[in-house]
Amino acid sequence: MNAATSRFTIFQTRWGHFGLACRRESVCATSLPTPTRAAAQEALLANLPAAPADALFEQGLCPALQQRIIAYFEGENVDFSTDPGVDLASYSSFGQAIMAGCRQIAFGQTRTYSELAHHAGRPGAARAVGGTMARNPVPLIVPCHRVVRTDGGLGGFSASGGIATKRRMLLHEQNAIAAAMPPAALVVTA
DNA sequence: CAGCACTAATTCA
DNA sequence: TGAATTAGTGCTG
């Protein structure tokens, strides 16, 4: 059998069925929670770079990672910024810089498309950043939902659930942080 | 070659 | 003052 064959799994989180696919030791695709298992699988395979038909189902795939993802949807502050590895080989150098910059956005924080572009050394390429995010195959692992517009708008979102999911995830993270923070920290506003 | 998950500057009311 | 328009941007179908 082909050593590069993708393996995938679908598992239940508090928000619904989450899809996860790996190739070798890297995550190559994820899909955000959907109401049905079938929808999750469809969304996941759509994010697979190549040969979805060859992907093998594996129930116990990356158990530790599954637990972290489940914990995320339970409202825990989970950090995916350095782990797991993601396969970015198919990206241009610009795309890789954008994806890397995006992963550095901490839980509960946001950045603008413009800031990411600037970080990648292309100050005017905010729109190109949007294009890269739009095709992100690993939502949540690369937290593309934390990228918003400069004018305060959310921008767009093409993963499962669309813009509503993006807003919900941002609120979810901010609530998680607020819950973990002592009330005294809120008095700062001058 | 047209079109994006964008932005900042410019142009008209 | 404020809404609408327009270049500039890097990549994809």
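Lettering of chains follows the sequences in order, A, B, ..., and the numbering in each one begins at 1. Because the structure is predicted, anything quoted here is derived from the model rather than measured.
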### Task
Once you apply the 3.5 Å cut-off to both distances, tell me the Watson-Crick or G-U wobble partner of C/dT9, or none.
none

### Message
Looking at A/Arg135 and A/Gly131, would you say the former's side chain and the latter's main chain have a donor-acceptor pair under 3.5 Å?
### Response
yes

### Spacing between A/Leu116 atom CG and B/dT7 atom P, to the nearest angstrom
10 Å

### Summary
Contacts of A/Ser90 and A/Ala125 projected onto DNA chain C by closest heavy atom; the upstream (5') one is A/Ala125

### Message
Of the options B/dA8, B/dA5, C/dG10, whose atoms approach the side-chain atoms of A/Ala128 most closely?
### Response
C/dG10

### Query
Roughly how many Å is it from CE in A/Met133 to C1' in C/dT12, rounded to a whole number?
16 Å

### Query
Which nucleotide sits closest to the side chain of A/Lys166: B/dC6, C/dC11, B/dA5?
B/dA5

### Task
Give a yes/no on whether any side-chain N or O of A/Ser158 is located under 4.0 angstrom from OP1 or OP2 of B/dA5.
no

### Nearest-Å distance for atom pair CD1/P, residues A/Ile105 and B/dA5
18 Å

#### Entry: Whole-Å distance separating the CG atom of A/Leu154 from the P atom of B/dC6
11 Å

#### Entry: A/Arg122 CZ - C/dC11 P separation (whole Å)
8 Å

#### Entry: Criterion side chain to side chain contact (heavy atoms under 4.5 Å, CB included) against A/Phe107, the qualifying member of A/Gln174, A/Glu76, A/Arg146
A/Arg146

### Task
Measure the shortest side-chain to side-chain distance between A/Met169 and A/Trp15 over non-hydrogen atoms and say whether it is less than 4.5 angstrom.
yes

### Task
Rounded to the nearest angstrom, tell me the gap between atom CZ in A/Arg135 and atom P in C/dG10.
14 Å

### Query
Any side-chain heavy-atom pair from A/Thr165 and A/His145 closer than 4.5 angstrom?
no

### Task
Looking at every strand, decide which applies to A/Tyr113 at a 4.0 Å heavy-atom threshold: base, sugar-phosphate, or nothing.
base

### Query
Would one find a side-chain N or O of A/Arg149 under 4.0 angstrom from OP1 or OP2 of B/dT7?
yes

### Task
Measure the distance from CZ on A/Phe94 to C1' on B/dC4 and round it to the nearest whole Å.
13 Å

### Query
B/dA5 C1' sits how many Å from A/His145 NE2, rounded?
14 Å

### Message
Do the side chains of A/Asp83 and A/Arg68 get close enough for a salt bridge, i.e. N-O under 4.0 angstrom?
### Response
yes

### Query
Distance check: side-chain N/O of A/Thr150 vs OP1/OP2 of B/dC6, anything under 4.0 Å?
no

### Task
Decide yes or no, distance alone: a donor-acceptor N/O pair under 3.5 angstrom between the base of C/dG10 and the side-chain of A/Arg127.
no

### Base-pairing assignment for B/dA5 (Watson-Crick or G-U wobble, both under 3.5 Å)
none

